[in-house]
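All heavy atoms count here, side chains included; hydrogens, waters and symmetry mates do not. Note that the structure is predicted; figures quoted are calculated from it, not measured. Chain letters run A, B, ... following the sequence lines, proteins first, then strands; residues in each count from 1.
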4 protein chains.
Amino acid sequence: MKRKSVAILGATGAVGQRFIQLLDGHPWLEVAALAASERSVGKPYREACTWRLPTMLPESIGRMPIQPLRPEKLQGIDLVFSALPADAALDVEPTFAEAGMAVSSNASAFRFAEDVPLLIPEVNADHAALIPLQQRRRHWSGFIVTNPNCTTTGIALALKPLDDAFGLEAVMATSMQAISGAGYPGVSSFDMLDNVLCLIPGEEEKMQQEARLLLGKFERERVEEARFVLSAQANRVPVLDGHTICLSVKLNATASPQQAGTVLSGFRGVSAAQGLPSSPPRPLAVCPEADRPQPRLDRDAGGGMQVSVGRIRECPIFDLKLVVVVHNTVRGAAGGSILNSELLIHEGYI
Amino acid sequence: MKRKSVAILGATGAVGQRFIQLLDGHPWLEVAALAASERSVGKPYREACTWRLPTMLPESIGRMPIQPLRPEKLQGIDLVFSALPADAALDVEPTFAEAGMAVSSNASAFRFAEDVPLLIPEVNADHAALIPLQQRRRHWSGFIVTNPNCTTTGIALALKPLDDAFGLEAVMATSMQAISGAGYPGVSSFDMLDNVLCLIPGEEEKMQQEARLLLGKFERERVEEARFVLSAQANRVPVLDGHTICLSVKLNATASPQQAGTVLSGFRGVSAAQGLPSSPPRPLAVCPEADRPQPRLDRDAGGGMQVSVGRIRECPIFDLKLVVVVHNTVRGAAGGSILNSELLIHEGYI
Amino acid sequence: MKRKSVAILGATGAVGQRFIQLLDGHPWLEVAALAASERSVGKPYREACTWRLPTMLPESIGRMPIQPLRPEKLQGIDLVFSALPADAALDVEPTFAEAGMAVSSNASAFRFAEDVPLLIPEVNADHAALIPLQQRRRHWSGFIVTNPNCTTTGIALALKPLDDAFGLEAVMATSMQAISGAGYPGVSSFDMLDNVLCLIPGEEEKMQQEARLLLGKFERERVEEARFVLSAQANRVPVLDGHTICLSVKLNATASPQQAGTVLSGFRGVSAAQGLPSSPPRPLAVCPEADRPQPRLDRDAGGGMQVSVGRIRECPIFDLKLVVVVHNTVRGAAGGSILNSELLIHEGYI
Amino acid sequence: MKRKSVAILGATGAVGQRFIQLLDGHPWLEVAALAASERSVGKPYREACTWRLPTMLPESIGRMPIQPLRPEKLQGIDLVFSALPADAALDVEPTFAEAGMAVSSNASAFRFAEDVPLLIPEVNADHAALIPLQQRRRHWSGFIVTNPNCTTTGIALALKPLDDAFGLEAVMATSMQAISGAGYPGVSSFDMLDNVLCLIPGEEEKMQQEARLLLGKFERERVEEARFVLSAQANRVPVLDGHTICLSVKLNATASPQQAGTVLSGFRGVSAAQGLPSSPPRPLAVCPEADRPQPRLDRDAGGGMQVSVGRIRECPIFDLKLVVVVHNTVRGAAGGSILNSELLIHEGYI
């Protein structure tokens with residue numbers, strides 16, 4: 001198979017850098033263009049960005065000149081990854097979809113549009129079937145698909161098998177989120193050292209809404225939101241990468257911690273999502289240690305694509321409590337977008 | 001009034017040091033003796049401990065020789081503060097109570113004994129009435145009172161006015177706790193930097209049990225536990241001092257965030273607890289800022305004795321969500337013990 | 001004595017906030033006006049700034065409206081503290097001096113002007129005698145005085161008594177600087193967590209130049225730079241407040257660590273600098289402990305105005321090695337400016 | 001070639017874990033036994049240690065039972081890596097050498113014995129020729145070789161090419177060291193958060209002595225120490241892995257920063273040390289960026305085996321200033337020991 005030509009929009013930011021890192025040596029995809037805002041256009045990537053990842057910036061990428069965020073400047077591109085901020089994404093992404101390109105977006109701009117799939121392959125690959133509807137309605141030859149917010153990604157992957165097996169009724173979720181989720185420069189070190197920040201604007205709303213969409217059913221060309229209610233409390237803590245989420249879960253059917261553990265560790269996701277280049281060995285790792293998962297030790301499981309779950313125990317109010325760790329800029333951002341694109345290639349959409 | 005003579009048991013540890021710091025210049029209390037385990041006995045305090053607080057160790061305290069943990073070596077002492085570990089407290093504290101001294105203990109050893117008051121003055125000063133029962137039953141001329149776990153202290157102070165006004169049914173509590181709560185040396189820096197630890201052994205159980213006891217009713221010489229259920233998830237985060245707790249609260253009566261805010265900021269506690277030397281201006285500070293409380297900025301409110309509350313908002317599952325910050329080694333430990341002793345002096349027990 | 005009316009330029013930033021905190025309740029000075037850049041003008045201070053200090057913002061300050069950075073808007077002001085960035089200071093500070101006000105500036109803009117004193121009261125109070133020259137030359141009825149860079153302040157205070165006693169020849173200085181020195185928002189938490197930053201632009205040059213000026217001699221209406229050479233390496237580390245500096249010092253006369261310790265702990269500074277409202281008990285604290293000074297434990301010594309020195313030992317290349325800790329936003333910034341103004345009031349310049 | 005059978009002494013500690021991680025899949029070496037102190041003997045490795053590295057503990061290693069630290073229990077072993085503390089190493093290592101095994105030790109116990117090589121392959125591979133002398137003198141059929149202290153390793157690799165090209169006279173070295181260098185649990189998080197520790201007992205002495213030995217000449221069966229003088233100041237900072245060292249270097253011949261950069265980036269080390277399984281592409285990476293090296297971004301260069309150098313600039317006192325970053329538990333500990341063993345296999349000593 002010839003590798004697909006890929007462009008990255010918003011290539012210089014924190015998520016943009018992760019796209020470049022994760023696409024280095026990708027068997028199906030090849031970075032052919034980098035685009036960013038006007039002030040970077042024309043500069044070689046190496047000069048336009050402050051590379052902040054501990055792996056080396058690939059030489060050939062470093063030399064690429066930054067292109068403007070306009071589809072007519074990016075000929076021959078099959079697939080576009082968007083790491084744009086939400087407001088920019090709202091304007092820019094449709095122009096690429098209209099010009100015939102597949103857009104796999106990490107931005108929140110179109111996550112709640114009813115004809116745009118919000119996708120986690122293992123959870124709801126079938127929602128991709130919104131694409132033909134989207135193209136018909138919007139008269140686009142390309143299309144947009146989105147991946148959820150970083151925190152929701154971890155939560156939805158942990159909840160999906162529990163919902164399938166026992167039925168979800170209500171979920172309390174308190175997150176302790178890494179600073180890389182705020183982009184770069186993001187959070188001031190003066191605010192973050194020796195501190196916890198109890199407000200991440202907009203985050204709780206995203207978590208509450210996206211989780212129900214992801215676990216919703218695709219029927220008659222639309223996604224019916226799941227019925228359970230999620231209540232979120234989002235916090236920022238002095239951790240570089242890896243969001244930790246404490247969940248309390250109310251189920252329809254009774255389930256012991258052991259039964260839940262078996263269901264979680266047995267989870268494979270829909271078969272279409274298995275064996276893709278960025279698929280982890282299993283979507284979920286259930287930690288046997290009493291004091292895991294921990295973000296520093298578990299965020300890189302499965303190359304950052306595996307979500308770790310642990311401390312499954314009874315809740316005196318609901319049914320179960322558990323702790324989830326997800327790598328927010330890999331599985332929860334760039335890696336999630338890439339996995340979505342792999343699913344769509346595999347399914348013939350790209 | 002002549003100042004009471006005070007001894008500190010476990011004077012060299014993290015909580016012991018806080019006792020010394022907070023008692024410096026106290027109008028009612030004077031440190032007359034310091035006691036610790038055998039290996040320190042006889043050494044001047046300055047040599048026996050590694051002083052780790054940013055204020056100066058008072059000169060006169062630094063010169064005091066460490067005494068053994070035996071009442072016969074501490075003649076003329078009216079009041080004993082215990083910063084001992086739970087297992088040592090179990091053996092040592094009764095010997096002091098038997099010898100006629102008042103023991104105000106920060107240890108967990110006797111918190112659940114049905115004749116030992118677990119006290120927060122503003123919350124349940126009336127539970128002090130267990131003391132005569134305790135003395136009668138155990139044939140002690142002295143007695144033991146205890147203060148709750150650091151995290152519970154913040155939770156109970158925030159819940160008390162909500163319970164009084166609206167009736168509590170259920171509380172989900174997820175904590176992000178400071179490392180000073182683990183004592184010294186406590187948590188390894190290699191475990192704590194760039195990380196969250198999702199297990200603090202025994203902590204969740206303490207929080208779940210103590211909160212119901214504190215809000216329980218004293219009737220016919222016993223404390224009837226409150227009926228609400230609390231479910232706790234305890235985490236350690238890279239913060240020096242100040243525990244942050246995210247609460248979701250289910251109430252009997254409906255309450256808007258505004259109503260809850262009014263009730264919380266209006267809270268004064270029982271009158272016996274007001275105006276004591278260590279009483280903060282008000283037990284609770286309700287933060288008007290959207291991003292507060294934060295442990296680094298709010299832990300020292302009211303000299304560390306005031307609990308900060310904020311982000312009061314609706315919960316889509318229960319009724320209200322809010323965030324609490326409490327200084328764990330001041331209000332949640334040494335300062336709590338001292339405030340208890342002030343109440344008991346004021347009430348004539350000491 | 002009637003208190004002098006004070007204005008703060010750049011009141012909303014990190015150093016501006018320190019000025020407000022340190023001037024609260026000052027016996028000689030009263031904050032009468034706050035000024036900042038255009039986008040804040042007219043707002044009450046509380047809204048114009050994000051207060052980031054753990055002490056409470058004084059109520060009356062919070063209500064003050066922000067003024068523009070123009071002297072004609074600040075009538076009746078005796079003294080102006082400048083917390084402006086260097087480029088703004090270059091334009092703004094002279095307009096206040098010309099309008100007859102005393103400007104005590106923390107900015108670097110005029111530190112090297114040959115008629116502007118660079119002052120640390122205990123070190124070179126006599127350099128204030130440049131003021132009449134400055135007024136004559138520039139036809140100003142007011143004047144500008146400056147305090148050195150935060151790191152230099154700590155170094156110069158530690159070096160002065162060694163220079164006086166033994167004569168300085170060369171100084172190697174490697175700093176580990178707190179993030180508050182970079183202002184707010186300053187350093188990104190993503191750059192700072194689990195990291196050291198080995199470049200602080202312009203810092204090494206300032207340290208190398210300012211130290212020689214401070215220890216220089218005032219003779220015949222000019223300051224003759226000291227002859228010793230300083231070589232600086234400046235680093236940023238994950239510390240909130242308090243710069244730590246490792247020094248290796250080459251002296252003209254031999255000095256044992258004990259002799260140096262005696263000289264350092266005996267240092268009182270020129271008599272004019274003693275007993276001012278912001279003077280610490282002694283300018284230098286020599287730590288007896290083998291592992292001190294440490295920024296978290298020692299930055300607040302003497303209310304942040306005392307510089308801590310320790311680990312005085314032989315250097316196998318030069319003569320002595322020692323470690324210095326200075327509170328960078330108190331003694332090294334706002335507190336230094338305030339102490340300068342107190343000296344000038346005491347000397348009759350204001 | 002058949003893989004050599006390897007035992008690790010002190011396998012459960014921080015450096016022991018690094019040995020296991022780095023030897024996983026090694027082409028020449030196979031872990032056949034794990035040994036530790038008495039309290040762990042008999043337990044499977046997984047239970048005896050708290051695995052604290054973010055990569056997975058290899059399954060087969062996890063099941064291995066811990067052996068006692070006695071050579072008679074470790075039959076069939078060719079090579080022993082020692083991650084023991086210095087005092088244990090002093091007693092234990094000779095018993096293995098006497099029993100005929102090669103001991104590649106990370107401990108400091110024998111670093112200064114005049115018949116024991118202190119080795120960095122690229123720097124002084126020829127010092128391995130002390131081995132026959134050692135065997136003859138001590139009547140051992142095996143032998144001990146050591147690698148230097150983690151900090152010295154970085155310094156010596158950076159200094160070697162400068163010494164060869166320009167001749168070293170004096171070196172001022174101020175280190176900012178990672179907490180993993182203190183072992184596990186090592187430094188208390190309460191001491192380390194928001195702080196710098198200016199004392200690492202024994203560290204400065206090691207740095208001062210070892211550097212001269214490493215750059216010394218092997219002549220007539222002994223190592224003649226190099227003549228330059230090194231003065232060290234060692235600090236601990238809140239960084240997980242990677243020591244940063246600021247150097248000021250006095251040379252015999254003049255050298256511009258450009259010339260030094262050319263010499264450093266051209267350094268390859270002695271040819272025997274090139275192309276070994278753990279050799280990095282080049283021993284030194286010279287960072288072109290003005291703000292590098294940084295420990296978090298550069299510690300993993302070359303799999304943690306490459307030392308990064310940057311900020312080469314003139315020193316107003318000596319000749320040059322530069323900054324060095326070395327991964328302290330890879331190149332500076334386990335990886336250094338492994339590279340030494342590879343050299344000795346290649347040279348026929350094992």
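Interface check for chain C: of the options A:A14, A:A178, A:S180, A:G186, the most heavy-atom pairs under 4.5 Å are formed by A:S180. The residue among C:D191, C:D241, C:V239, C:T50 with the most heavy atom pairs within less than 4.5 Å of chain A is C:D191.
In this structure, C:L193 and A:P238 approach most closely via the heavy-atom pair CD1-C, 3.6 Å. Among all heavy-atom pairs drawn from C:S188 and A:P185, the shortest one is OG-O, 2.8 Å.
Using a 4.5 Å cut-off between heavy atoms, C:F190 contacts chain A through both its backbone and its side chain.
Interatomic distance, A:R296 CZ to C:D194 CG, rounded to the nearest 0.5 Å: 8.0 Å. The distance from atom CG of C:L197 to atom OG of A:S189, rounded to the nearest 0.5 Å, is 9.0 Å.
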